[in-house]
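Quick note: numbers below take in every heavy atom, side chains included, and nothing from hydrogens, waters or symmetry partners.
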Amino acid sequence: MAQSTEKVLAMLELLQAQPGLTGPELARRLDVDGRTVRRYAGTLADLGVPVQAERGRYGGYRLLPGYKLPPLMLTDDEAVAVVFGLLIAARQGVTTPLALAKIERVLPAKLRERVQAVRETLGFTAPVRAATPPPAGHLLALGEATRSHRRIRVTYRSWRGEDTERDFDPYGVVVHNGRWYTAGHDHRSGEIRTLRLDRIASIKGLEVYFQPPAAFDPIAHVVAGLAAVPYRHDVEVLLRTGLADAARRIPAVVGTLAEHPGGVLLTCRAERLDGMAQLLAGLGCDFTVRRPDELRREVLALARRLERAAGHGSVVDEGGVEDDHGDQ
C-alpha cells in the first residue's frame, strides 16, 4: 500500500513536470503496466486532482489546464526544519531527492527561492550527523548571500564571550560533527575565517557584492581549520595499523594522519587528555604514545579503571605504556 501511494505521488510529480506523457512512458518510468497507470490516474481523480487522458493506445495524460497544487503554508522555521531533515534522510538513503522536490514545488514562491538557496549552498562532512538547525532567518539569509555573492554584516560572539561586528563574504555553509559553520572572508581580520552559526547574533545584507576564490572548498576549509585549533596539548601517537583503517576510525577534525615505517602517525592537539586516552583505547589497535608524557599517565589511569571494572586485582605497571621518544 505504501509503495502504491508513493508511485501515485510520483505520477503526479511527473505530470506536473512533463504534461502530456503517454501511458507507455508513464508505465516505463513508474515501472508498472498500462492498466496500473490508468488506475493511478483514477486514484488522483478521486483525490480531487483532475487528470485528463487523451484517447487512443498511446494517449497522453495531463493535469487539467490551470490546475496547481495549493501552496504549502509553512513558517520559515518549519520550512528549514523540513528541508534539512529531507537532506539528511536523502544522504543516508532513507528517502530520495524527489521528496524534497515535491516539498519545494508547493512552497510559496518567495520562500521556495530562499529554501533552494540554502540547499544549493549547504555542505555536509561525512558521516552525516543530525544537527539542530540555527535560527531559520540566519540560515536563509546566509543561503541567499552565499548564492548571490552578497556581503553581510554580522554580530559575532567569540569563545571569550565578546561581541564584535564584522563584514563577511560567505563562501558556503557546512554542517560538521553536529554543528553549523560558515566559511568566508572576514573583513575585520582580512583573512578567510570559519564562524559558528550559533555564535552569530544578527545578520544584515549589504549592497556590496564579491567574487569567491576559484575552486574554494568550504568543507575542506572548515575541517582543516577545526583540526588546527590551538588546544592546550600537542599530541603525537604512533598507531599500529594501516592508513585506510585509521582514516575510517578517526574523524578528520581530530588531527592529521601520515604513513610511518611503524604504522600511522597521528598528530593533533587536545584540550583534555582523558578524552584522548579514551579515543585511543577505542581504536582497537596497538599504539605508542610519543608525546606528551601526561597522555601516557592518562592511558595508564584508564587501564587501571578498566581493570578494576573487570574485577582483576592486578594493575598494569607504568612501563606497560610504550615510550618511543627515540623513534623520530
Side-chain angles (χ1 to χ4, degrees), residues 124-132 157-162 174-181 183 193-196 198-199 219-328:
F124 295 83
T125 58
V128 177
R129 287 184 55 182
T132 302
R157 174 161 293 181
S158 72
W159 63 274
R160 296 184 182 91
E162 302 168 347
V174 177
V175 182
H176 173 69
N177 203 26
R179 282 184 174 160
W180 294 69
Y181 303 88
R193 291 289 180 87
T194 296
L195 305 183
R196 274 176 47 174
D198 61 337
R199 291 181 178 168
I219 295 177
H221 178 83
V222 168
V223 171
L226 293 176
V229 170
Y231 292 124
R232 184 182 305 173
H233 303 282
D234 289 309
V235 173
E236 195 172 271
V237 179
L238 184 62
L239 308 174
R240 310 295 184 182
T241 186
L243 185 60
D245 183 63
R248 282 194 299 269
R249 295 171 182 268
I250 301 174
V253 69
V254 169
T256 59
L257 299 170
E259 289 185 316
H260 186 277
V264 176
L265 189 63
L266 167 65
T267 305
C268 62
R269 298 182 67 89
E271 188 68 21
R272 293 178 58 94
L273 292 177
D274 56 346
M276 178 58 63
Q278 293 169 24
L279 182 147
L280 293 171
L283 293 179
C285 66
D286 292 339
F287 60 88
T288 300
V289 176
R290 298 180 63 171
R291 60 185 171 97
D293 291 337
E294 294 88 347
L295 180 56
R296 294 185 179 89
R297 289 193 284 271
E298 287 293 345
V299 171
L300 177 60
L302 176 61
R304 287 170 171 162
R305 289 196 299 272
L306 292 175
E307 280 204 326
R308 285 196 297 270
H312 292 294
S314 61
V315 296
V316 177
D317 183 77
E318 190 164 356
V321 181
E322 294 185 49
D323 186 343
D324 198 22
H325 268 299
D327 185 10
Q328 300 295 329

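A salt bridge between Arg249 and Asp245 is present, with a side-chain N of the basic residue lying under 4.0 Å from a carboxylate O of the acidic one.
In this structure, Leu243 and Ala258 approach most closely via the heavy-atom pair CD1-N, 4.4 Å. Considering all non-hydrogen atoms of both residues, Cys285 and Arg240 come closest at CB-O, 3.9 Å. Between Val222 and Ala183 the shortest heavy-atom distance is CG2-CB, 4.1 Å.
Listed by chain and number, the residues in a salt bridge (Lys or Arg N to Asp or Glu O under 4.0 Å) with Asp198 are Arg196 (sequence neighbours excluded). In this view, Arg305 satisfies the salt bridge (Lys or Arg N to Asp or Glu O under 4.0 Å) rule with no residue, not counting sequence neighbours. The side-chain hydrogen bond (donor to acceptor under 3.5 Å, both in side chains) test applied to Arg272 returns Asp274, not counting sequence neighbours.
Atoms CZ and OH, on Arg193 and Tyr181 in that order, are 15.5 Å from each other to the nearest 0.5 Å. The line from CD of Glu298 to CG of Leu302 is 8.5 Å long, rounded to the nearest 0.5 Å. Rounded to the nearest 0.5 angstrom, Leu273 CG and Gln278 CD are separated by 11.5 Å. Residue Thr256 holds its OG1 atom at 7.5 Å from CG of Leu265, rounded to the nearest 0.5 Å.
Contact of the Thr267 side chain with the Leu257 side chain is not registered, since no non-hydrogen atoms from C-beta on lie closer than 4.5 Å. Using a 4.5 Å heavy-atom cutoff, the side chains of Arg297 and Asp293 are in contact. A heavy-atom distance below 4.5 Å is found between the side chains of Ile250 and Leu283.
Within the 3.5 Å criterion, the main-chain N or O of Gly262 finds a donor-acceptor partner in the side chain of His260. No donor-acceptor distance shorter than 3.5 angstrom exists from the side chain of Arg290 to the backbone of Leu238, with no hydrogens or angles considered.
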Audit row: Phe287, Val299, side chain to side chain contact (heavy atoms under 4.5 Å, CB included) steps and yes/no: CA-CA 11 Å; Phe287 60 88; Val299 171; 4.2 Å; yes

Working for side chain to side chain contact (heavy atoms under 4.5 Å, CB included), residues Arg291 and Val235: CA-CA 6 Å; Arg291 60 185 171 97; Val235 173; over 6 Å; no

Evaluation steps, side chain to side chain contact (heavy atoms under 4.5 Å, CB included), between Leu280 and Leu295: CA-CA 10 Å; Leu280 293 171; Leu295 180 56; 4.0 Å; yes

Criterion side chain to side chain contact (heavy atoms under 4.5 Å, CB included) on Glu236 and Leu266, from CA distance to verdict: CA-CA 6 Å; Glu236 195 172 271; Leu266 167 65; over 6 Å; no

